[in-house]
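In listed order, ligands and their atoms are each counted from 1. All values derive from a computational prediction rather than experimental measurement.
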Amino acid sequence: MTIPVMIPWLGEEEAEAAAEAVRSGWVAQGPRVAAFEQAFAEHLGVPHAVAVSSCTTALHLALIGAGVGPADEVVVPSFSFIATANAATYVGAVPVFADVDAADGNLTAATVEPLLTERTRAVVAVDQGGSPVDLAALRALADPRGITVVEDAACAAGSTYRGAPAGRDAVLAAYSFHPRKLLTTGEGGMVTCQDAAVAVRLRRLREHGMSVSAADRHASAGGAAMLETYDEIGFNHRMTDIQAAIGLVQLRKLPAMVERRRILAERYRILLAPLIAAGARLVADPPHGTTNYQSCWLLLPDGFPIPRGDLLGKLAAAGISARRGIMAAHLEAPYAGSARVPLPVTEHLTRNSLILPLHHFLTEQQQDQVAVALLGAAG
Ligand SMILES: *Cc1c(COP(=O)(O)O)cnc(C)c1O
C-alpha cells in the first residue's frame, strides 16, 4: 500500500451536510455560501469574506479589488504555485519575480524592494506551504508608496501570524479549499478584505457583475419583479451551496487538523535528526508565526549522494508518494526568460527540496517507513 503525500480529512459529517443541501433543492450559491462566508470571516477576525470557486479566482478578484490593470506590474514570488503569477497575467499586468528567503521560502522586504518601479501596483505575498509571510515588513515597504500587498494565503488556513490567523491583517487575502490544502470543499476559495465597498464589488464580479444576486432575488418576496443591472464585466467565479455545506464542517475541524499535522511534523524532525545534522532543513515555524504544515518540505543537504529525482524514484519504489518541492514559475514556458533579477534562492530551493507525506491519517509506523527510506538513501 502506498503512503500518499496528502489526503483530505473528509467523513460522514461532510457527506451528510452535502446531502442536506441537495435535499433542500437549493444547490447554487445561496444561504450556505453566506453562512460559510460569515463563519470564515469570524474565524479570521476580518469584516468581509467572499466565497469563490477557487483560490485562483480569489486572486483574480483580489487583484481587481486592488485596482491592478493592464500595464501595471505585480511583484510575486516565482517560488509558488503558478496560479500566483497567472492571476497577475489575467488582469493584463506583468508579474515581476522576486526571490525568497532561504529559510521559509517567502518574499521579504529585501527581495521585493529592488523590483519596485513607478508601475508597481501590487505585491502578492504568498504564505508558502502554510508558513506565514512577514506581512508587516512588506506593508511597511509598500503602503507608503501606494502599493497594495495582496496575501496569497492559499495554503494558510490554520496558520498564525503574530498571534492572529494568517491573512487577517491583509488589505485583501485569498484562500484555497482545493483537496491539496488542509480545509477542502472539493474546489473552492475565499477572498477576504477590510473595505465594505470592495466586498460589494467583488460579490458582484464573482456573479457576472449582477447588481442583485440570484440568491437575493430568490429569497425576497418581490424577487421576481426585481430587475438586476450589469454595470461592469464580471465572471462566473461562484461557489455552490454544496461546497459551502462541506466547508462549514471542515472549518470546525480545522484546529484539530492543524494540531495533528504539527505533532507529526515535529515527529519527522526527530526521526530525520541525522539528516538534519548533515545539513538538511525541514521547514519550521518562522520567528513571526506558526505554520499549519500544509506542505512539509525538506531541503536536501549539499552533497546529498543522489539527485532529487532519483530519490523520489527510490521513495516511490518503497511505496512512498513524496513530491518534488514547490515549483518556480519563471522556469516554466509561459514565464521563461522573464525574470529581471537572478533568483538563486528560488532555484536552489525548487531543485533540492521535496514534500514529505503529511496528512491527518498518517500513522507513526508510516512515518517511520518514510524516515528509514530517506536515511537509507542518504547512505
Ligand atoms: C494551491 C495554490 C493556489 C491555487 O489554489 P486553487 O484553489 O487550486 O486555485 C494558489 N496559490 C498558492 C500559493 C497555492 O498553493
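- Ion pair E16/R23 flagged as a salt bridge, since at least one NZ, NE, NH1 or NH2 atom sits closer than 4.0 Å to an Asp/Glu carboxylate oxygen.
- Remark: Y268 engages no residue in a ring-ring contact (aromatic ring centres under 6.0 Å, His included) (not counting sequence neighbours).
- Residues that satisfy the ring-ring contact (aromatic ring centres under 6.0 Å, His included) test with H330, not counting sequence neighbours, are absent from this structure.
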T240/Q243 under side-chain hydrogen bond (donor to acceptor under 3.5 Å, both in side chains): CA gap, chis, key distance, verdict: CA-CA 5 Å; T240 68; Q243 292 165 307; 3.1 Å; yes
Evaluate salt bridge (Lys or Arg N to Asp or Glu O under 4.0 Å) for E37 paired with R203, printing each intermediate quantity in order. CA-CA 11 Å; E37 288 174 335; R203 272 178 214 293; 2.9 Å; yes
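- Membership of the apolar cluster around M257 extends to I7, W9, V33, F36, F40, L44, V46, Y175, F177, L182, L183, M190, M239, L248, L251, L254, V258, F361, as traced through chained side-chain contacts below 4.5 Å between ILVMFWY residues.
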Distances only, to 0.1 Å: what are the N or O pairs between ligand 1 and the protein that fall under 3.5 Å?
{"unit_1": "ligand 1", "atom_1": "5 (O)", "unit_2": "S176", "atom_2": "OG", "d": "3.4"}
{"unit_1": "ligand 1", "atom_1": "7 (O)", "unit_2": "C55", "atom_2": "N", "d": "2.8"}
{"unit_1": "ligand 1", "atom_1": "7 (O)", "unit_2": "S176", "atom_2": "OG", "d": "2.7"}
{"unit_1": "ligand 1", "atom_1": "9 (O)", "unit_2": "C55", "atom_2": "N", "d": "3.4"}
{"unit_1": "ligand 1", "atom_1": "9 (O)", "unit_2": "T56", "atom_2": "N", "d": "2.9"}
{"unit_1": "ligand 1", "atom_1": "9 (O)", "unit_2": "T56", "atom_2": "OG1", "d": "2.5"}
{"unit_1": "ligand 1", "atom_1": "11 (N)", "unit_2": "D152", "atom_2": "OD1", "d": "3.3"}
{"unit_1": "ligand 1", "atom_1": "11 (N)", "unit_2": "D152", "atom_2": "OD2", "d": "2.8"}
{"unit_1": "ligand 1", "atom_1": "15 (O)", "unit_2": "K181", "atom_2": "NZ", "d": "2.6"}

